[in-house]
Amino acid sequence: MIQYDETHQIFKLDTPHTSYIFGLADNYPGHIYYGKKLGDTDLAWLLRAEDRPQPPSVLRREKTSFFDFFPMEYPFEGVGDFRECCINIRTEDGQEGLELTYQSHRIFRGKRVLPGLPSTQGEDSSTLEVELLDKVTGLTVVLSYTVFDDTDAVAQSVRVRNGGERPLFLTKVLSACLHVEPDMGAGQEMEVLTLPGSWGRERSMQRQKMGYGTVSAESKRGVSSHQSHPFMALVSKNCTQTVGEVYAMNFVYSGNFAARAMKDQFDRIRMVMGIHPERFCWKLAPGEEFQAPEVVLVYSDEGLGKMTRSFHDLYRKHLIRGYWKDRRRPVLINNWEATYFNFNTEKLLEIAREAAKAGIEMLVVDDGWFGHREMDDSSLGDWTVNEEKLPGGFRYLADEVNRLGMKLGIWLEPEMISEDSDLYRAHPDWALQLKGREPGQCRAQYVLDLSRQEVRAYIYDRIKEVLSSANIEYVKWDMNRPLADVGNAVLSPDQQGEISHRYMLAVYEMQERLLKDFPKLLLENCSSGGGRFDPGILYYSPQIWCSDDTDAVERLAIQEGTQLLYPLSSIGAHVSACPNHQTGRTVPLEMRGIAALSGTFGYELDITRLSEDEKKQILEQTKLCRQYSALIREGDYYRLESWQRSHAFDSYMVVSKDRKEALLTCVQVLSRPNRASRRLRLQGLDPEAFYEIEGKSFQGATLMYAGLLIPPAHGDFQARLIPIRQMA
Ligand code: DGJ
């Protein structure tokens, strides 16, 4: 629900359990509160206290000091706010700065679609749009806020329009800003939680003290990246999975981003998030608009766990779309780690035959089926099947695979071009490049300049031809290098700063077309593993490959960081061969299966080389996956223990929404001597109800407050699944 209290000039946005409140002072919108739900709207006193710097109508001589203090809802650069601001413009005169004041607002049911961009959706929502104006240039800014009837999240975005008569250059346009004023009583010290990483080590959880100055998380790589993540949370120092406050932001965008938290001279914290302002500059001719992507905000007063469940619900209900949204995904087998580039139809069919017997439902042909690609250094851009490897093309393969009762999926990397390709020989200028400089290769490839319409139209047509050539039901859309040399000879010099964002819009446009042309296609995004795992790309593909690191122990940590925000049904997780190709570690097949079960579940190994015993185990695993798939896809996720913190023990559980069924996972990563059983307090159960665990009955309250005894296992890498069922 959204209210405007006209007397006090207060906007109040309520989600089921939270309120987000801001108001006006001298027509400047100022943030008042985000937190547990409040009843009152008369909160103007929190914004306009007399002992705080006064607005210019009261104290003209201190206007700049006011700007430097006021918790501006959408802070602007150049006129006195010296903290992290959200927007800046440059005029034709080369001058920077603007001043935004309230003009009007509207409140309506539902939510607008952001043109060309991913965003949360839902009729069961209310939206507030507040229009601000920079009187000198005529620039208008529309701040948009949506709250959902059923989810504790606020979606914010910003639309900018040049209503003046001269061109303007938008040099910074972030999407959201939040002020947190820690209260004195609790002496609240805040920390900043981010998810930095690396290739193969994505989304590790990092907490650091919020001291004076700025903490940032950012990517300038053209993708949300392995190294950083478009997420930031301010958390109270005492915050755990179950207690403490959390103010979180996640960016529904897959390109360059900046997230910053800054503690000012008065101990207040401002957190902002949006498109990275560096090398960004968007020319706005008179009458033109720019739509900035969406940031979603979540507040929790019960620690990280509650934040996680709000994000999961938001993404499952209001972001993930299409045919596969609420459907069980096929258990797949991907040939990448089984064969790398060395395969042909016969090898793939051998794998498929064994896979079908083991209950696997889809074969995915990874990199190497096109052009003359025998290594990673050729043929990207030449999207025609290599008939020497695959005689009869995908038509023959799909027919054979379908005959086995399985589906066929393929890998594509539409955004790239190899130097050794017919496409590059014909169009060397189609690679992103800076005038007069040879573009740099990465994985022996260049990035296609998809910001150019003719380039993306050509590539799209080629991939459409391939997908139309056979019954292909899944695509893994890969992207294996960052964007560098971001320039082209097509856009004018004053529009070169638009290319990175135009590139992202192009990727979104191509994926949208793909989903329209092939509505039942299951799309999985991927970027050298989990380099573009973000809510933006989740809007197009209900699942995303989480990491190229398939080692089950490593995966526990990578998946923990990913599950912090994203539903289990979106996390691409496979069982791979041992010794593991990334770490050399050998982990029992049982644990590899259990680790992959908290994701989309599949295999990435040469099943023809496994023993009969192992194949039998796989058959059991695929049965288990089908049995628990609805619970894992729809249930509430609770993180109980983290092996990185406890150095040995990892545990999480999924509980059905009606609390009748749960699945507990316990993993002893490393065995230690002289250990006794340990208590594990469960979460999310009905305290009154009785549950059956391994033939014994326990009350929910006992399991949650006293705990269950988990005996130590003998040996490293021992995983257990413990089903929990409410008794009738
Ligand atoms: C990177 C992906 O993450 C891998 O799974 C695989 O598809 C390779 N690319 C293929 O080049």
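Each ligand, and each atom within it, is numbered from 1 in the order the structure gives. Scope of the values below: all heavy atoms of this structure, side chains included, with no hydrogens, waters or symmetry mates.
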Checklist entry - Is any N or O atom of Asp366, backbone or side chain, closer than 3.5 Å to an N or O atom of ligand 1? => result yes

Item to check | For atom 9 (N) of ligand 1, the option (of Asp478, Asp376, Asp548, Val364) bearing the nearest heavy atom | outcome: Asp478

Next on the checklist: On the six-membered ring of Tyr323, is Arg327 placed so that its NZ or CZ lies under 6.0 angstrom from the centre and within 45° of the ring axis?
Outcome noted: yes

Checklist entry - Under 4.0 Å from ligand 1, counting heavy atoms only, is it the side chain of Ser528, its backbone, both or neither? => result backbone

Next on the checklist: Suppose I only count heavy atoms of Lys476 and a 4.0 Å limit; which atoms of ligand 1 are within that range?
Outcome noted: 4 (C), 5 (O), 6 (C), 7 (O)

Next on the checklist: Quick check: Ser527 and ligand 1, any N/O pair under 3.5 Å apart?
Outcome noted: no

Checklist entry - Is the number of heavy atoms from other residues, nucleotides or ligands under 6.0 Å of Asp429 CG greater than 12? => result yes

Checklist entry - Heavy atom of Arg373 under 4.0 Å from ligand 1? => result no

Checklist entry - Can Asp549 and Arg201 be counted as an ion pair, charged N to O under 4.0 angstrom? => result no

Item to check | Nearest-option assignment for atom 11 (O) of ligand 1, heavy atoms, candidates Leu380, Asn480, Asp367, Asp549 | outcome: Asp367

Next on the checklist: Surrounding NZ of Lys616 (heavy atoms of other residues, nucleotides or ligands, distance under 6.0 Å), is the total greater than 12?
Outcome noted: no

Next on the checklist: Are more than 12 heavy atoms, taken from residues, nucleotides or ligands other than Tyr396, located less than 6.0 Å from that residue's OH atom?
Outcome noted: no

Next on the checklist: Show the atoms of ligand 1 that are less than 4.0 angstrom away from any heavy atom in Trp411.
Outcome noted: 7 (O), 10 (C), 11 (O)

Next on the checklist: Tell me the contacting part of Met479 for ligand 1: side chain, backbone, both, or neither, using a 4.0 Å heavy-atom threshold, strictly below.
Outcome noted: neither

Next on the checklist: Side chain or backbone, does Cys526 bring an N or O within less than 3.5 Å of an N or O on ligand 1?
Outcome noted: no

Next on the checklist: Quick check for you: to the nearest 0.5 Å, what is the distance between Gln227 atom CD and Arg221 atom CZ?
Outcome noted: 3.5 Å

Checklist entry - Has Glu346 got more than 12 heavy atoms of other residues, nucleotides or ligands less than 6.0 Å from its CD? => result yes

